[in-house]
Amino acid sequence: MADEILVGGVWRRGSGAVVESLSPLNGSVIARVHGADPADVDEAVRAGAAVAADPSWRDLLPHERARHLTRIADSIAASAEDLAALQTCDTGKSINETRALVASAQGTFRYFASVLETMDETLTVPRGPYVTMSVHEPIGVVGAITPWNSPIASDAQKIAPALAAGNAVVLKPAEWTPLVSLALARVITDSGLPSGLLSVLPGPGGVTGDAIVRHPGIGKVSFTGGTATGRAIGAVAAQKIMPVSLELGGKSPTIVFPDADLDQTLAGLLFGIFSSSGQSCIAGSRVFIHGSVYEQFLDELVERTRKLRIGPGADPATQVAPLVSHVHRDRVAAMVDRARGEGARVLCGGGVPEGEEYETGAYYLPTILDRLPNDSATCQEEIFGPVLVALPFEDEDDLVAQANDSVYGLACGIWTRDYRRAWRIARRMDAGTVWINTYKQFSISTPFGGMKESGIGREKGREGIAAYMRQKSIYWGMTEEPHSWAG
Ligand code: NAD
């Protein structure tokens, strides 16, 4: 891959530090890319502002902007297999997952094209002799900052609504995974989007990301990543009085009642925590099991966990692929060691798999722990790996108190056949998304976001475009009489 990034419509070498993409399979360097320095960020923002203000983009009607999004979706579809393979290479994720992520990215552009085709504005009820309305307008240049776990899907989730809203976008992908975001940028520019509307600037978060957030020409930042980073970005946004949306971390509870369908629940739990090797903000990483079935259910869960197929992402049979990097795998391993120190019982996993085929990869075994109190670090902190911690509960009040006793509030899963109970619990949970008898399912038409320290703002859904717009109310006088006050 050429050492080029997209700065204000120009593919060229970045002026910043080199970002290395390392293979999760053996740690070798897949690609070296010169990232963007603050001067590159400035160039990208200025170019974005110029093209966003140019009548050829600014004056496009929504249905005309929709055509650009549809063309981008078609281009993603045409390159789908290459994009999926590249993301598997860069992130280690299984090919089935990266194919689904590319399909999701494509669907996101199509969805927002349809929203543009069908959107409307509000004529409000007047309280005097005027017509009143509220309209939405582009912000100008939007900063988008994304993490490494699902780059193409999280990039699309920001780029599509931001362009649909009529903005220019400056995207910064994560240090570990710049390749698929750059490949997506090639696909988007090749589709005929006006030059300069999209910049993709890899680089270190504290340099490139920080320069984007602080730049006076950036009118909004949409961030997905860890809570500590989100807090730092939120602090800068507060100083700038700039809108910001934050999709942050999670420690999501999954709840098993004794009446749940056993097979369905076990499959849902395994998928919820061990797909993506647990590197998912919505991973169901704490399972609460009713005390009356606790040991039997765990036995079955452990048995099925041991049967999961571990292997390279490129093998379609693989269920649990290597983690994104050896550094991250070692971090996960250290957290499991800490759990042992806290007194955890390790029911399965708890180390790297044995065998020649696993020697060089960033593999970690699917792991289940228990016998830790809910206030232990293991039950409270996001591990972001294939590690599940189990806890028993006695009744609904005990369950809700324990499950909500977390700084996070991203997602929750409930497994029961009792629909009244499912509804009661769903309404009591501090969670932006609740899944009942399913888990980790997404639809672009349904808003997504966190409560508490899992974030602010919502992505997806029809309102997803409005999040990248400024609202303006207009009063249009309908009388010919001068105002009585002026005499
Ligand atoms: P991270 O917070 O370390 O980095 C995310 C992005 O922010 C990267 O591009 C990084 O370079 C950039 N960044 C870092 N410091 C910055 C700064 N000071 N200013 C501006 N940008 C900065 O997160 P990560 O390790 O890449 O991703 C894992 C985290 O993301 C987990 O906590 C996970 O839960 C979260 N996540 C959340 C969602 C969601 O939708 N809620 C989705 C996926 C991942």
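Whatever order the structure lists ligands and atoms in, that order sets their numbers, starting from 1. Each residue takes its place number in the sequence, starting with 1.
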Purely on distance, is any nitrogen or oxygen of [X] under 3.5 Å from one on ligand 1?
X	answer
Thr227	no
Thr229	yes
Ser454	no
Ile233	no
Gly209	no
Trp148	yes

| query | Taking the inter-plane angle between the rings of Trp148 and Trp176 on a 0 to 90° scale, is it parallel (under 30°), tilted (30 to 60°) or perpendicular (over 60°)? | reply |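 Correct class here is tilted.
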| message | Does the structure place the NZ or CZ of Lys460 under 6.0 Å from the centre of the six-membered ring of Phe448, at an angle of no more than 45° from the ring's axis? | response |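 Satisfied, under 6.0 Å and within 45°.
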Distance-only donor-acceptor check, side chains [X] and [Y], under 3.5 Å:
X	Y	answer
Ser28	Asn26	yes
Thr177	Asp90	no
Ser275	Lys440	yes
Arg428	Asn404	no

| At the 4.0 Å heavy-atom cut-off, does Pro173 count as touching ligand 1? |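 Yes.
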Going by the order shown, which atoms of ligand 1 are within less than 4.0 Å of some heavy atom of [X]?
X	answer
Asn149	43 (C), 44 (C)
Asp210	19 (N), 20 (C)
Ala174	8 (C), 9 (O)

Specify the protein heavy atom at minimum distance from [atom]: its residue, its atom name, and the distance to 0.1 Å.
atom	value
atom 9 (O) of ligand 1	Thr146 O, 2.8 Å
atom 18 (N) of ligand 1	Gly205 O, 4.0 Å
atom 36 (N) of ligand 1	Cys281 CB, 3.5 Å
atom 41 (N) of ligand 1	Leu248 O, 2.7 Å
atom 32 (O) of ligand 1	Glu382 OE1, 2.6 Å
atom 11 (O) of ligand 1	Glu175 OE1, 2.6 Å
atom 7 (O) of ligand 1	Phe223 CE1, 3.1 Å
atom 35 (C) of ligand 1	Gly225 O, 3.1 Å

| query | Any donor-acceptor pair under 3.5 Å linking the side chain of Thr378 with the backbone of Ser376? | reply |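 No; judged by distance alone, with no hydrogens or angles, the pair does not exist.
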Less than 4.5 Å apart, side chain to side chain, heavy atoms only: is that true for [X] and [Y]?
X	Y	value
Gln279	Val324	yes
Val33	Ser21	no
Ile444	Phe112	yes

| query | Which residue, Asn374, Leu388, Ile273, forms the side-chain contact (heavy atoms from CB on, under 4.5 Å) with Arg286? | reply |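 Among Asn374, Leu388, Ile273, the one meeting side-chain contact (heavy atoms from CB on, under 4.5 Å) with Arg286 is Asn374.
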Tell me which donor-acceptor pairs under 3.5 Å the side chains of residues 463-470 have, and how far apart each pair is, sequence neighbours excluded?
{"from": "Tyr468", "atom 1": "OH", "to": "Ser222", "atom 2": "OG", "distance (Å)": "3.0"}

Tell me the nearest of [options] to [atom], using heavy-atom distances.
atom	options	result
atom 12 (C) of ligand 1	Ile145, Leu171, Val19	Ile145
atom 28 (C) of ligand 1	Trp176, Tyr408, Phe384	Phe384
atom 27 (O) of ligand 1	Gly450, Pro147, Ala144, Gly449	Pro147

| query | Less than 4.0 Å between a side-chain N and a carboxylate O, is that true for Arg309 and Asp315? | reply |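 A salt bridge is absent here (no side-chain N lies under 4.0 Å from a carboxylate O).
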